[in-house]
Number of protein chains: 2
Amino acid sequence: MSISDLVKIFKALSDETRLKLLALLENGELCVCKIVSILKMSQPKVSFHLNILKDAGLVKMRKEGTRIFYSLDDSDLFKRFLILSIIEKIKDKAFSSNFNQEGGVIWK
Amino acid sequence: MSISDLVKIFKALSDETRLKLLALLENGELCVCKIVSILKMSQPKVSFHLNILKDAGLVKMRKEGTRIFYSLDDSDLFKRFLILSIIEKIKDKAFSSNFNQEGGVIWK
DNA sequence: AAAAAATATAAAAATTTTTTGATATATTTT
DNA sequence: AAAATATATCAAAAAATTTTTATATTTTTT
């Protein structure tokens with residue numbers, strides 16, 4: 001892993017939206033449309049951020065029909081540690097299992 | 001540790017100069033002037049990046065006369081792990097104990 | 001074959017970060 | 001007290017990132 005690989009990973013993690021995306025994927029894959037509806041963000045914005053996470057090797061994707069499912073990619077030990085740390089640190093604050101009427105997450 | 005604290009830490013780590021600064025401090029404190037002479041960067045630039053690392057709680061400083069010495073701040077376990085991982089991953093590539101005639105580090 | 005659905009991509013605008021050059025501040029030395 | 005040294009800060013410029021709006025592509029459904 002080169003310095004620029006490291007920088008790319010940290011850059012990917014240095015954005016609140018992307019940390020939320022990682023936390024959202026904790027329990028398994030989700031398609032973009034589901035993520036959009038949960039986070040109430042524009043679809044291009046979600047795709048943009050997912051792409052940065054993918055480039056950094058933090059998530060992977062799987063195509064099924066017209067949908068694309070994203071999931072955590074923790075095949076690398078260091079990345080796995082990072083992802084787990086992040087989820088552990090923001091899960092409670094970010095989610096606390098609170099969803100609003102429309103199924104949107106309530107972030108604290 | 002809030003989400004924005006986490007983002008701040010990762011933002012601080014998402015820059016090559018700052019990763020090099022952390023690696024440079026591996027073996028103990030250095031004053032700004034020494035860092036400037038080793039890295040061959042402008043003093044305001046070095047101060048700027050050190051300040052970002054300090055704001056994120058990754059380094060601490062100590063004043064002595066006209067000099068200011070910076071050192072790693074790994075009092076927090078998560079930060080310590082991050083710093084150690086970074087040093088372990090870039091040390092060989094970045095340093096390999098190579099210094100040029102003027103005492104400047106040769107980065108690979 | 002047309003329409004609909006899901007997603008990516010691209011261009012422009014907005015925002016943030018980084019670099020640079022100049023200057024200010026504080027401490028030590030002469 | 002003046003000069004020198006080390007460092008921070010500030011403002012402007014440059015560069016990079018993010019957001020937004022529009023559009024293209026692919027697959028499924030009708």
Side-chain angles (χ1 to χ4, degrees), chain A residues 3-22 24-25 28-56 58-71 73 102-104 107, chain B residues 3-22 24-25 28-56 58-71 73 102-104 107:
Chain A
I3 292 190
S4 58
D5 289 337
L6 257 194
V7 169
K8 186 181 275 191
I9 291 169
F10 288 129
K11 240 186 240 294
L13 298 176
S14 66
D15 176 275
E16 188 164 327
T17 296
R18 295 194 286 268
L19 293 190
K20 288 177 181 176
L21 284 172
L22 291 177
L24 201 54
L25 295 175
E29 65 178 16
L30 290 174
C31 65
V32 177
C33 58
K34 183 71 183 170
I35 295 172
V36 165
S37 86
I38 291 176
L39 294 185
K40 314 268 190 203
M41 291 176 187
S42 73
Q43 176 268 312
K45 184 173 173 179
V46 169
S47 284
F48 171 80
H49 288 291
L50 284 171
N51 189 53
I52 286 178
L53 289 172
K54 183 167 68 67
D55 275 354
L58 292 162
V59 303
K60 50 187 195 289
M61 53 179 256
R62 176 179 75 78
K63 210 173 160 184
E64 185 181 308
T66 160
R67 299 198 169 167
I68 298 184
F69 289 86
Y70 281 87
S71 57
D73 182 354
E102 296 87 17
W107 302 88
Chain B
I3 292 192
S4 58
D5 289 337
L6 256 194
V7 169
K8 186 181 275 192
I9 291 169
F10 288 128
K11 239 186 241 292
L13 298 176
S14 66
D15 176 275
E16 188 164 328
T17 296
R18 295 194 286 268
L19 293 189
K20 288 177 179 176
L21 284 172
L22 291 176
L24 201 54
L25 295 174
E29 64 178 16
L30 290 174
C31 65
V32 177
C33 59
K34 184 70 182 169
I35 295 172
V36 165
S37 87
I38 291 176
L39 295 184
K40 314 266 189 207
M41 291 176 188
S42 72
Q43 176 267 311
K45 185 173 173 178
V46 169
S47 285
F48 170 80
H49 288 292
L50 284 171
N51 189 52
I52 286 177
L53 289 171
K54 183 167 68 67
D55 275 355
L58 292 161
V59 303
K60 51 188 194 287
M61 52 179 257
R62 176 178 74 81
K63 209 173 162 183
E64 183 181 310
T66 161
R67 298 197 170 168
I68 298 184
F69 289 87
Y70 282 86
S71 57
D73 182 352
E102 297 89 16
W107 302 87

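If you're wondering where the values come from, they're calculated on a predicted model, not measured in any experiment. Proteins get letters first, then strands, A, B, ... in listed order; numbering begins at 1 in each.
One can place CZ of B:Phe10 at 16 Å from P of C:dT17, the figure rounded to the nearest angstrom. Protein atom CD of A:Glu64 is 18 Å distant from nucleotide atom P of C:dA5, rounded to whole Å. The nearest whole Å value for the distance from the CG atom in B:Asn51 to the P atom in D:dC10 is 11 Å. Distance B:Leu39 CG to C:dT19 C1': 16 Å, rounded to the nearest Å. Between A:Glu16 atom CD and C:dT16 atom P there is a gap of 13 Å when expressed in whole angstrom units. The nearest whole Å value for the distance from the CE atom in A:Met41 to the P atom in C:dA6 is 19 Å. Between A:Phe69 atom CZ and D:dT26 atom P there is a gap of 20 Å when expressed in whole angstrom units. In this structure, CG of B:Leu30 is placed 11 Å from P of D:dT7, rounded to the nearest angstrom.
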Report task. For side chain to side chain contact (heavy atoms under 4.5 Å, CB included), just list the numbers for A:Leu50 and A:Ile35, CA-CA rounded to whole Å, side-chain angles, deciding distance to a tenth of an Å, and then say yes or no. Result -> CA-CA 10 Å; A:Leu50 284 171; A:Ile35 295 172; 4.1 Å; yes
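With D:dT18, C:dA8, C:dA6 as the candidates, the nucleotide lying closest to the side chain of A:Asp15 is D:dT18. In this structure, of C:dA8, D:dT19, D:dA6, it is D:dT19 that holds the atom nearest to the side chain of A:Lys45. Closest to the side chain of B:Pro44, from the set C:dA8, C:dG21, C:dT18, is C:dG21. Here the side chain of B:Arg18 is nearest to one of C:dT18, C:dT7, C:dA5, namely C:dT18. Across C:dT19, D:dA8, C:dT28, the shortest atom-to-atom separation from the side chain of B:Tyr70 is found for D:dA8. Checked against D:dT7, C:dT19, C:dT7, the side chain of A:Cys31 finds its nearest nucleotide in C:dT7. Here the side chain of A:Ser47 is nearest to one of C:dA6, C:dT9, D:dT5, namely C:dT9.
Residue A:Ile52 is in sugar-phosphate contact alone, with no base atom involved, counting any heavy-atom pair closer than 4.0 Å across all strands shown.
Using a distance-only test at 3.5 Å, with no hydrogens or angles considered, a donor-acceptor pair links the side chain of A:Ser14 to the main chain of A:Lys11.
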Query raised in the report: For DNA chain C, what string of dots and brackets results from 5' to 3' when Watson-Crick and G-U pairs need both distances under 3.5 Å, crossing pairs get [ ], and pairs with another strand get |?
Result: ||||||||||||||||||||||||||||||
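A sub-4.0 Å separation between OP1 or OP2 of D:dT28 and a side-chain N or O of A:Arg67 is absent. Not one side-chain nitrogen or oxygen of A:Lys63 sits closer than 4.0 Å to the OP1 or OP2 atom of D:dT26. Checking the phosphate oxygens (OP1, OP2) of D:dT19, a side-chain nitrogen or oxygen of A:His49 falls inside 4.0 Å.
Between A:Lys11 and A:Ser42, the residue anchored closer to the 5' end of DNA chain D is A:Lys11, taking for each the nucleotide with the nearest heavy atom. The residue among B:Phe48 and B:Gln43 whose nearest nucleotide of DNA chain C is located toward the 5' end is B:Phe48.
For A:Arg62, the side chain to side chain donor-acceptor pair (under 3.5 Å) partners at least two apart in sequence or on another chain are A:Glu29, A:Glu64.
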